[in-house]
Amino acid sequence: MIDLVSKIKDFKMTRRSFIGWSSALAATAAIPLGRGLVANAQTTIGTKESGGEGVWKTAACWHNCGSRCLNKVLVKDGVVIRQKTDDTHTDSPDYPQQRGCLRGRSQRRQVFNADRLKYPMKRKNWAPGGGKKELRGKDEWVRISWDEALDHIASEIKRIKNKYGNESIYVSGGADIGNVLSTVGGYTASTGTISWGAWLYTYEMLGVGEGLYVNAINDRLDLRNSQLIVLWGVNPAWSTMGSVTYNYLQAKKAGARFISINPLYTDSANVFDAEWVPIRPGTDDALAMGIMYTLLKEDNPHTNPLVKWDFLNKYTIGFDKDHMPAGADPKDNYKDYLLGTYDGVPKTPEWAADICGVDPNRIRSLARDIGGTERVALLTGWAPARINNGEGWVQTFSTLGMMTGHMGSTGNMTGVSCWEYAGNNGPMLITGGDSGLVPVPNPVTNVINENQIWDAVLNGKFLQKGEGEKKVNIQMIYHNYNNHLQTRSNIPKGIEAHRKVEFVVANGYALTTVAKYADIVLPVATQWETEGAVRGGNREILINWSKIIEPLYESKTDQEIAKALLKKLGQDPNAVYPISEKQQYFNQLAGSKVVKDNGVDFEPLCTITEKDIKDWGVVGTPQKGRIPLQEFVNQGIYQVPRKPGDNFGFIAYKDFIDDPVGHPVSSESGKFEIYCKALHEASKKAFSEISPIPKYVPKVDGYESTFADFKTKKKGKYPFQVFNPHYLRRSHSTLDNVPQLREAWPNPVYISKKDAKDLGIKDGDTVMLSNEHGKTLRPAKVVETIMPGTVALPHGAWVDIDEATGVDRAGADNMLVSFTPTGLGTSGYNTAHCNVEKWTGEPLQEDVKWEQRIIKL
Ligand SMILES: Nc1nc2c(c(=O)[nH]1)N[C@H]1C(S)=C(S)[C@@H](COP(=O)(O)OP(=O)(O)OC[C@H]3O[C@@H](n4cnc5c(=O)[nH]c(N)nc54)[C@H](O)[C@@H]3O)O[C@H]1N2
Ligand SMILES: Nc1nc2c(c(=O)[nH]1)N[C@H]1C(S)=C(S)[C@@H](COP(=O)(O)OP(=O)(O)OC[C@H]3O[C@@H](n4cnc5c(=O)[nH]c(N)nc54)[C@H](O)[C@@H]3O)O[C@H]1N2
Ligand code: SF4
Ligand SMILES: [Mo]
């Protein structure tokens, strides 16, 4: 063993060997002898020295990456020696393998990373009540025992609760720590539209399907029937890895033409050979209006039918004065808004071009393309709606689909193609069972919008949805399964908030941003170290993973931490967690259901015998299912085979189109609402008013805000727009600490050749992005493939602030995002402005060369 350690220590790393060897090598010296070291060392050496057979197990790839793939590891003598992905069946376009991406294949680099938190720690200058609170984020760490850590946390919970009330405790993300706090009186929670942007709170009112998950667009096989696929802010090659790009390619093969409307020329646009329409972030509604104006102007029912009047008349309300809902002013119809009849502003392509930056002739040709093609898929990601005042985009995009009738029939669809359901909607064909755990209801009703959360901590008030302004005095923050200080708007304000309260705790498996700014940090086990779980992904698959190794170092699972804390708080952990983690896993397996061939009925997925139940040591009832339990566990995946013409196809809204009275949509009127009274009324009680019909409004911190005077086009203090594509190096902030991924994806800021030239910036120069909120550094990637006037700062880099200057060197996106709730409380990440300048200080080193956050105690 000792030989092995010195061998590792003495190993001289070269760049060439780096990718091939575990990141654990780089920092082995910092790891004390223990099970962590054994796993690390043998993992690495095993690839060279182990000859014999191991066991392939299904390992979790559990991140919120917008996909779900099969990830297998070869375990030999309790050590992971290799990884692979789905080879459970032959790959084919109809029945594709669920292949993992570079992050999934690097998963062991994260689990065995040398930066794993090894034991509970407290901040050196922490004392009950806060100690030197201003040192949060820069203090030294002191190792403590689990007993001491839990004693401190329990006694601070009791103290703060008695002094200020349960409302003063903010738990981010709920989950297991939410259960703990709910058991002792409750906590203040937060909410937001996060991923979905404006889709989350609007879709139901407009009647546009769920807009999110499973019923807004058709299934993937029907995508092959589309002649034109418009990817409007959609980049599957980066943000929905796995088989989604492959599915789109089948549509390409079947003859579809692609158009990509995006500030960036994306890898997807490249792969699909799409025509690229560069656009400014947050101005998509203006473009769509210019398109719709053209449709109206050029439409001729006999010679050039571009507008589907029958569709509008039968299925929608609000488009023209003859189809308005009762009580609405007929002048407030959408057609007259587009034509500028009453406001004097026709939404011409020229008008639109001035805002969105797309050439007027291109706008006209887009209208002819979209209106003049029979079968069109109008697909959007959530990104164009993750903007301030984003509700107008949801309204406008949906209206374009209705006006052109690209909804509810084969090859025609208008909706969100994003996340795990990208390019493939329809009811789930296979579902996982319930774990059997019942969350403890939270007696405190406070829910703070995440665009207000740090303001609420600093200023003591917030808008309680449906009730109005409410006072709050947050004195404790508990972060469990998330990285809110990193992933919510305005990190500088978040840090100020964290340095104000009396107590901050974080659970984590590395020193993430929330852990870095905490007083006490608890080491959590990864999903490779827990019992196992069943997870869905796209509608055709169900994945289950099992435990790969015992928890490393002193880490505990989320539930073990919750249980230990409940005990310290004088509660009975078994009342909250009456069943074991193993039983929960088993319940999920036993309750999994798969669709039958008729496409309607479901049957249990797993056959379970008395012997299985005995072997597992759980409580259960034998059942007959499609495959033996152990086969599902060994395989790690069950995928419903698909073929064209099967019973599992899906056409969104078909029921409504066939029978609008018998199958109304979810809006108040039961029709698609181009004029939506409910949305307008809801907005009056929220953050800013939304028009009942889609109207163009300049977005807070949007394009118009980059000017001192928009009319004369005199540029302002922050002349650039900055937006945040989700980036392949990581899933949000998760995996950003993996050196191999850092090397493969260096995380630059993308800037146009034109802007770079004007600013005297060369490719690779370090540049500073700054605005009224914060400053951040990145190497510049000078490209021809981004809309001039905009810069793309990839989402999720671990913030790393120089305390002397306040400058972040990591390129953390939320250094620049303001804290301004608009509309119904929509997340506004893709609307931000900034200045860009060449950095005159020390140039940045490549991220891969940075020291890892390894705590040497
Ligand atoms: N500026 C800007 N901000 C954004 C976005 C953007 O585009 N731009 N995108 C937004 C979107 S879409 C989203 S979904 C959010 C994501 O926001 P978050 O959910 O906060 O993002 P993650 O970085 O995935 O954080 C997950 C954290 O959980 C930890 N973790 C993982 N597994 C476990 C576990 O088993 N137990 C525990 N206790 N912890 C675990 C990980 O280490 C990581 O720190 O970010 C949003 N923020
Ligand atoms: N690699 C990776 N993939 C991920 C994630 C991740 O962190 N990393 N996160 C996952 C999660 S939780 C979510 S919610 C989804 C989000 O999925 P999306 O919202 O679809 O992903 P994004 O990458 O933010 O944006 C998609 C494309 O929209 C473009 N875009 C940005 N703003 C605008 C705009 O205003 N107008 C137009 N027309 N285009 C715009 C971007 O350049 C990008 O190419 O991604 C998931 N996939
Ligand atoms: S796409 Fe997501 S689930 Fe699939 S391997 Fe990559 S990180 Fe894992
Ligand atoms: Mo998300």
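Everything quoted here is computed from the prediction, not taken from an experiment. One is the number of the first residue; the rest follow in order along the sequence.
Using a 3.5 Å distance cut-off with no hydrogens or angles, the side chains of H152 and E148 do pair a donor with an acceptor. In the model, S770 has no side-chain atom that pairs as donor or acceptor with a side-chain atom of N835 under 3.5 Å. Remark: the S731 side chain and the N64 side chain contain no N/O donor-acceptor pair separated by less than 3.5 Å. Donor-acceptor pairing under 3.5 Å is lacking for the side chains of Q486 and S733. With 3.5 Å as the limit, one finds a donor-acceptor pair spanning the side chains of N71 and Q83. Side-chain atoms of Y577 and N179 include a donor-acceptor pair closer than 3.5 Å.
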Y509/Y553 under side-chain contact (heavy atoms from CB on, under 4.5 Å): CA gap, chis, key distance, verdict
CA-CA 11 Å; Y509 47 69; Y553 310 102; over 6 Å; no

Go through V505 and M476 one step at a time and tell me if the side-chain contact (heavy atoms from CB on, under 4.5 Å) criterion holds.
CA-CA 8 Å; V505 192; M476 170 172 170; 4.2 Å; yes

Checking salt bridge (Lys or Arg N to Asp or Glu O under 4.0 Å) for the pair K133/D519: CA distance, chi angles, key distance, verdict?
CA-CA 9 Å; K133 300 192 288 188; D519 294 318; over 6 Å; no

Taking it one step at a time, do H732 and H726 satisfy ring pair (Phe, Tyr, Trp, His ring centres under 6.0 Å)?
CA-CA 7 Å; H732 310 286; H726 288 205; 5.3 Å; yes

Does the salt bridge (Lys or Arg N to Asp or Glu O under 4.0 Å) test come out yes or no for R729 and D847, once each step is laid out?
CA-CA 12 Å; R729 163 158 131 187; D847 294 1; 3.0 Å; yes

Between D115 and L511, does the side-chain contact (heavy atoms from CB on, under 4.5 Å) criterion hold? Intermediate values first, please.
CA-CA 8 Å; D115 68 356; L511 199 69; over 6 Å; no

side-chain hydrogen bond (donor to acceptor under 3.5 Å, both in side chains) for R488 and N483? Distances and angles first, verdict last.
CA-CA 8 Å; R488 300 306 185 258; N483 202 3; over 6 Å; no

R116 and E529: CA distance, side-chain angles, deciding distance, salt bridge (Lys or Arg N to Asp or Glu O under 4.0 Å) verdict:
CA-CA 13 Å; R116 279 290 297 268; E529 297 145 63; 2.9 Å; yes

Kindly indicate, with the supporting measurements, whether the criterion side-chain contact (heavy atoms from CB on, under 4.5 Å) is fulfilled by L857 and M121.
CA-CA 10 Å; L857 295 177; M121 302 186 300; 3.9 Å; yes

I would like to know whether Q107 and Q110 meet side-chain hydrogen bond (donor to acceptor under 3.5 Å, both in side chains); could you show each step before the answer?
CA-CA 5 Å; Q107 187 56 64; Q110 183 196 46; 2.6 Å; yes

Decide ring pair (Phe, Tyr, Trp, His ring centres under 6.0 Å) for H498 and H484; before the verdict, give the C-alpha distance in whole Å, the side-chain angles of both, and the deciding distance to 0.1 Å.
CA-CA 11 Å; H498 279 69; H484 276 197; 9.9 Å; no

Show your reasoning for whether salt bridge (Lys or Arg N to Asp or Glu O under 4.0 Å) applies to K775 and D808.
CA-CA 6 Å; K775 298 179 174 136; D808 160 47; over 6 Å; no

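In this view, S182 satisfies the side-chain hydrogen bond (donor to acceptor under 3.5 Å, both in side chains) rule with no residue, not counting sequence neighbours. A search for side chain to side chain contact (heavy atoms under 4.5 Å, CB included) contacts involving E560 returns K556, T557, E581, not counting sequence neighbours. The salt bridge (charged side-chain N to carboxylate O under 4.0 Å, His left out) test applied to E837 returns no partner, not counting sequence neighbours.
Ring-plane geometry between W454 and F819 is classed as parallel, the angle between the planes falling under 30 degrees on a 0 to 90 degree scale with a further cut at 60. Ring planes of W528 and F112: perpendicular class, angle over 60° (limits at 30 and 60°).
Every pair passing salt bridge (charged side-chain N to carboxylate O under 4.0 Å, His left out) that includes a residue from residues 496-509 is listed here, sequence neighbours excluded: R159-E502, R499-E803. Sequence neighbours left out, not one pair with a member in residues 165-174 passes salt bridge (charged side-chain N to carboxylate O under 4.0 Å, His left out). Counting only residues at least two apart or in different chains, ring-ring contact (aromatic ring centres under 6.0 Å, His included) contacts with residues 832-857 comprise Y718-H833.
Salt bridge absent: D139 and K124 never bring a charged side-chain N and a carboxylate O closer than 4.0 Å.
For the side chain to side chain contact (heavy atoms under 4.5 Å, CB included) test with T776, the passing option among I491, V749, L816 is L816; the others fail.
With Y119 as the aromatic partner, R143 meets the cation-pi criteria of under 6.0 angstrom to the ring centre and within 45 degrees of the ring axis.
Nearest heavy-atom pair across V817 and S489 is CG1-OG, 3.5 Å. Summarising the geometry of I160 relative to I169, their closest heavy-atom pair is CG2-CG1, 4.1 Å, with the distance given to 0.1 Å. Across all their heavy atoms, V807 and L777 have their closest contact at CG1-CG, 3.6 Å. Contact record, I561 with Y478: CG2-OH, 4.3 Å, taken as the closest heavy-atom pair. Between P748 and Y727, the shortest heavy-atom contact is CD-OH, 3.6 Å. Here the closest non-hydrogen pair linking G796 and D813 is N-OD2, 3.3 Å.
The distance from the OH atom of Y164 to the CD atom of Q475 is 4.5 Å, given to the nearest 0.5 Å. To the nearest 0.5 Å, atom CG of residue L728 and atom CZ of residue R103 are 5.0 Å apart.
The shortest distance between side-chain heavy atoms of F723 and Y750 does not fall below 4.5 Å. Put simply, the side chain of H773 does not reach to within 4.5 Å of the side chain of M815, judged on heavy atoms.
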